[in-house]
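Have a look at the structure below before the remarks.
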Amino acid sequence: MPISMQAVSDWYNEIVERAGLAEHAPVRGCMIIKPYGWALWEQIQRPLDEAFRATGHQNAYFPLFIPLSFLAREAQHVEGFAQECAIVTHYRIKTDPDTRQVAPDPEAELEEPLVVRPTSETIIWHAFRNWIKSYRDLPLLINQWANVVRWEKRPRLFLRTAEFLWQEGHTAHATAEEALQEALRILDIYERFVQEYLAIPVVKGRKTPSERFAGAVETFTIETLLIDGKALQAGTSHFLGQNFAKAFDVKFLNPKNELEYVWATSWGVSTRLIGALILSHGDEKGIILPPRVAPIQVVIVPIWRTEEERLSVGQKAQEIGDRLQRQGIRVKVDDDPQHRPGWKFNEWELRGVPLRLAIGPKDLQTESVEVAWRHTGEKQTYPLSAAIEQLPHWLETIQKGLFERAQKRIQRQTHYTDVYSEMQTLLEEQGGFIMAHWDGTPETELAIKQETGATIRCIPLEPSEEKGRCIYTGRPSSCRVLFAKAY
RNA sequence: CGAGGCGUAGCGCAGCCCGGUAGCGCACCUGCUUUGGGAGCAGGGGGUCAGCGGUUCAAAUCCGCUCGCCUCGACCA
């Protein structure tokens, strides 16, 4: 079922705003994250933060501003970000007494311009130089939750914004092997979180040199496919080798009293995950949130006619809400008299709440409740006690159901082919993942990109080892790689 | 950054071609009736027509520039 990209694009823009997740800020490419969107981000942060702590990482915070000269220390790094850096050049504004216009004070120019961080490798490695003296200081496992700025040419809410929020991990290790293991360990954490919490299936893989992070020796990624057939990088983890250690002269004494450069990783996931969530599970009614990250897991809508009913039904609804809350369920009782039940049904469906309980005078008589599933649209009435008892189980079933549904969709959108013309047709008509052989050269990769618009999203870490011939040149290839058009 | 489209009330849009009183739906306010799938009726409030400049007796309307949004392309972890 190919969905027109235009339709999905319009749907996405409308739904993000109508569901109360975010809106455009007056600054191009920037967004205002609204309370519901922020609550969702907090649900994403919490389990990730726990997973980082559980693996020995510590949170810290580094400055927003980076001296321009820091970026220049690592040649590839500065090349990668030069095109999209915001720069602070003045420290004072001045009001023209005649026109009342405000402008940077020409007399208040900074001696060295400050780059608004596009990522924090350089300023963090500057600090690491002082923190690391001995092998006893390693491994150094640091994470920070922060905003970064990349002056994007084509911004989209959540998916690609000029300013975005993320976590960035930065670690230093005594050996290359250990750093590489760290990069892969984080990739596993990302995979588990995205699949088990966001219910989004991903493919773990390595980036080709042309898609690699500027300054990395190896970039790992988790890639997913969205409902419109476009791929999205949902998280990355980099093995940085000794590139930044050398650029910032970070050495440690090993047990044999020899000086060595340390080995490094960096890794991150961002508010882009919210975009991935919307474009993985949404439908014509709005967004659909997996229970584990839904700010509201269950909404209770009381229904009444008379004032007397409003009180009795309202009281019952509140009672059920309190019971569920004590069970650790995130629940909202929507007793707002401003809106009628039908309005509330639509509103909470738009906002993706996984389960809805509706209770009215009839249910009060029979001690029952109407249960509605957001992701299937199914509706059924249950005895109240049974519903309360079953609810945690239902939430788990929904979580699993969403993942499996997304997995089946991606399977349908994934094509194995050895014929280039077929690949072109598929990419043009429906997008999706294309698993094809590649001869391993940047020239072929570039040619395919220029002719089809698709890039190599990753070389899967768990390839189906299979000898074949490059789909473009016919030269020998040892495994299939994942092609797709990407966001 | 290049090409195209769009910008009129909080939101969605008509009006622009052919210059002359700024409109419709939703939302908002008041009242009554309503409430199990986005309620009905009646009354009411809200606009420097994105901004700046030009043409004209007169500009939402014609012309130029700037900004923003959308699509495609270039670029981008």
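Note that these values count all heavy atoms, side chains included, but never hydrogens, waters or copies made by symmetry. Order of the sequence lines sets the chain letters (A, B, ...), proteins ahead of strands, with each chain counted from 1.
As judged by a 4.0 angstrom heavy-atom cut-off over every strand, G29(A) is placed among residues touching the sugar-phosphate backbone only. Across all strands, E17(A) comes closer than 4.0 Å to no nucleic acid atom at all (heavy-atom distances). Here P361(A) lies in heavy-atom contact (under 4.0 Å) with a base. When heavy atoms are screened at a 4.0 angstrom cut-off, D363(A) is found touching base atoms of the nucleic acid. K362(A) comes within 4.0 angstrom of a base, heavy atoms only.
Using atom C1' as the reference point in both C67(B) and A50(B), the two lie 8 Å apart (nearest Å). With C1' as the reference atom, C6(B) and A60(B) are 15 Å apart, rounded to whole Å. Between the C1' atoms of U66(B) and U30(B), the separation comes to 44 Å (whole Å). Straight-line distance between the P atoms of C49(B) and G23(B): roughly 14 Å, to the nearest whole Å. With C1' as the reference atom, A59(B) and G53(B) are 13 Å apart, rounded to whole Å. Separating the P atom of C13(B) from that of U8(B) is a span of 9 Å, rounded to the nearest Å. The same atom, P, is picked in G51(B) and in G7(B); the two are 13 Å apart, to the nearest Å. With both ends at atom C1', the span from C26(B) to G46(B) equals 14 Å, rounded to whole Å.
For the ring pair (Phe, Tyr, Trp, His ring centres under 6.0 Å) test, residues two or more places apart in sequence or in another chain that qualify with F193(A) are Y197(A). Residues passing the salt bridge (charged side-chain N to carboxylate O under 4.0 Å, His left out) test with D322(A), sequence neighbours excluded: none. Residues satisfying the salt bridge (charged side-chain N to carboxylate O under 4.0 Å, His left out) criterion with R305(A), sequence neighbours excluded, are absent altogether. In this view, H339(A) and W343(A) satisfy the ring pair (Phe, Tyr, Trp, His ring centres under 6.0 Å) rule, not counting sequence neighbours. Remark: K332(A) engages no residue in a salt bridge (charged side-chain N to carboxylate O under 4.0 Å, His left out) (not counting sequence neighbours). A search for salt bridge (charged side-chain N to carboxylate O under 4.0 Å, His left out) contacts involving E445(A) returns nothing, not counting sequence neighbours.
Pair check for C49(B) finds none; no Watson-Crick or G-U wobble contact set falls under 3.5 Å. Using Watson-Crick or G-U wobble geometry with both donor-acceptor distances under 3.5 Å, C28(B) finds its partner in G44(B). Judged by Watson-Crick or G-U wobble contacts below 3.5 Å, the nucleotide A39(B) has U33(B) as its partner. Both distances falling under 3.5 Å, in either a Watson-Crick or a G-U wobble arrangement, occur for no nucleotide opposite U61(B). With both pairing distances under 3.5 Å, C67(B) is matched to G7(B) as a Watson-Crick or G-U wobble pair. Nucleotide C17(B) forms a pair with no other nucleotide shown, judged by Watson-Crick or G-U wobble geometry with both contacts under 3.5 Å. For G2(B), the paired base is C72(B) (Watson-Crick or G-U wobble, both distances below 3.5 Å).
Side-chain atoms of R18(A) stay outside donor-acceptor range of the base of G12(B), with no qualifying N/O pair under 3.5 Å.
Taking atom CD of E309(A) as the reference point, atom P of U34(B) lies 12 Å away to the nearest angstrom. With rounding to whole Å, D334(A) atom CG is found 13 Å from G36(B) atom P. Between the P atom of G36(B) and the CG atom of N346(A) lies a distance of 12 Å, rounded to the nearest Å. What separates NZ of K485(A) from C1' of C72(B) is a distance of 11 Å, to the nearest Å. Between K230(A) atom NZ and G73(B) atom C1' there is a gap of 12 Å when expressed in whole angstrom units. In this structure, CD of E307(A) is placed 14 Å from C1' of U34(B), rounded to the nearest angstrom. The distance between atom CZ of R310(A) and atom P of U34(B), rounded to the nearest whole Å, is 16 Å. As a whole-Å value, the separation of R305(A) CZ from U33(B) C1' is 13 Å.
The closest side-chain donor-acceptor pair between S9(A) and W11(A), if any, does not fall under 3.5 angstrom. With hydrogens and angles left out, the side-chain atoms of T161(A) and E163(A) include no donor and acceptor closer than 3.5 Å. For the residue pair H57(A) and Q167(A), no side-chain donor N or O sits within less than 3.5 Å of a side-chain acceptor on the partner. Side-chain contact annotation: K207(A) with Q233(A), donor-acceptor N/O pair under 3.5 Å present. Looking at W145(A) and D49(A), their side chains do bring a donor and an acceptor atom within 3.5 Å of each other.
Using a 4.0 Å cut-off on heavy atoms, none of the residues of residues 267-288 of chain A approach RNA chain B.
Nearest nucleotide to the R356(A) side chain, out of C69(B), G37(B), U35(B): G37(B). Counting only heavy atoms from C-beta on, F345(A) has its side chain closest to G37(B) among U35(B), G68(B), G37(B).
Screening residues 62-74 of chain A for side-chain hydrogen bond (donor to acceptor under 3.5 Å, both in side chains), with sequence neighbours left out, gives S69(A)-E112(A). Sorted by first then second residue, the ring pair (Phe, Tyr, Trp, His ring centres under 6.0 Å) pairs that include residues 344-366 of chain A, not counting sequence neighbours, number zero. Counting only residues at least two apart or on different chains, the salt bridge (charged side-chain N to carboxylate O under 4.0 Å, His left out) pairs with a member in residues 370-384 of chain A are D283(A)-R374(A).
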Pairs under 3.5 Å (N/O, protein and nucleotides 39-44 of chain B):
| unit_1 | atom_1 | unit_2 | atom_2 | d |
| --- | --- | --- | --- | --- |
| A39(B) | O4' | R340(A) | NH1 | 2.1 |
| A39(B) | N9 | R340(A) | NH1 | 2.7 |

Could you write out each protein N or O paired with an N or O of nucleotides 74-76 of chain B at a distance under 3.5 Å?
| unit_1 | atom_1 | unit_2 | atom_2 | d |
| --- | --- | --- | --- | --- |
| C76(B) | O2' | E84(A) | OE1 | 3.4 |
| C76(B) | O2' | E84(A) | OE2 | 3.3 |

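No more than 12 heavy-atom neighbours from other residues, nucleotides or ligands sit within 6.0 angstrom of NE2 on H126(A).
Judged by closest nucleotide on RNA chain B, L350(A) is the one of L350(A) and W166(A) placed further toward the 5' end. Residue I359(A) is the one, among I359(A) and S210(A), whose nearest nucleotide of RNA chain B lies closer to the 5' end (criterion: closest heavy atom).
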